[in-house]
Amino acid sequence: MVIALEVVLAITSLLLIVFVLLHKGKGGGLSDMFGGGFTSQHGGSSVVEKNLDRITIVLAVVWIATIVGLGIYYKP
């Protein structure tokens, strides 16, 4: 059980880093490198940003739940 939680924590940590970096900031961010600037010129960026927000929130909830689960298990 612990190994599964640790694997989930590692995967969600890496994905969370990637998805946070993909968000469009004030200066554009890394999302422009991967085509975010192209989609924002064509009016579709609001849907992309909303989906990116949703995915990031779901990953963050899974990440927090995994940390709580590991904390409960490792509690002496």
Side-chain angles (χ1 to χ4, degrees):
M1 178 71 174
V2 176
I3 294 173
L5 285 175
E6 289 175 351
V7 168
V8 170
L9 182 64
I11 292 170
T12 55
S13 296
L14 292 174
L15 287 175
L16 200 54
I17 290 169
V18 169
F19 281 108
V20 167
L21 288 175
L22 284 175
H23 278 279
K24 186 172 185 179
K26 293 181 181 177
L30 284 177
S31 61
D32 285 338
M33 287 177 54
F34 299 113
F38 181 73
T39 57
S40 67
Q41 293 174 355
H42 297 292
S45 67
S46 62
V47 174
V48 173
E49 282 292 324
K50 285 181 184 178
N51 288 336
L52 192 58
D53 288 341
R54 290 179 187 141
I55 293 170
T56 306
I57 290 170
V58 168
L59 280 173
V61 168
V62 171
W63 186 76
I64 290 170
T66 306
I67 289 176
V68 169
L70 282 171
I72 289 172
Y73 181 79
Y74 283 130
K75 187 176 180 182

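Because the structure is a prediction, the values reported are computed rather than measured.
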Asks: I want to check something: taking the side chain as every heavy atom from C-beta on, are Tyr74 and Val2 in contact at a cut-off of under 4.5 Å?
Replies: yes

Asks: Ile64 and Val20: same hydrophobic cluster, using ILVMFWY side-chain contacts below 4.5 Å?
Replies: no

Asks: Picking from Ile57, Ile55, Val62, what satisfies side-chain contact (heavy atoms from CB on, under 4.5 Å) with Leu59?
Replies: Ile55

Asks: What heavy-atom pair brings Thr56 and Leu52 nearest, and what distance separates the two atoms?
Replies: OG1-O, 2.7 Å

Asks: Would Leu21 and Val58 show up in the same hydrophobic cluster when neighbours are defined by side-chain heavy atoms closer than 4.5 Å?
Replies: no

Asks: With a 4.5 Å cut-off on side-chain heavy-atom distances among I, L, V, M, F, W and Y, is there a chain of contacts connecting Val7 to Val68?
Replies: yes

Asks: Of the non-hydrogen atoms in Leu9 and Thr12, which two are nearest, and what is the gap between them?
Replies: O-OG1, 3.2 Å

Asks: Give the cluster check for Leu15 versus Trp63: same hydrophobic cluster or not, with ILVMFWY residues linked at side-chain heavy-atom distances below 4.5 Å.
Replies: yes

Asks: Could you state whether Ile11 and Leu22 fall into the same hydrophobic cluster, counting links through intermediate Ile, Leu, Val, Met, Phe, Trp or Tyr residues with side-chain heavy atoms under 4.5 angstrom apart?
Replies: yes

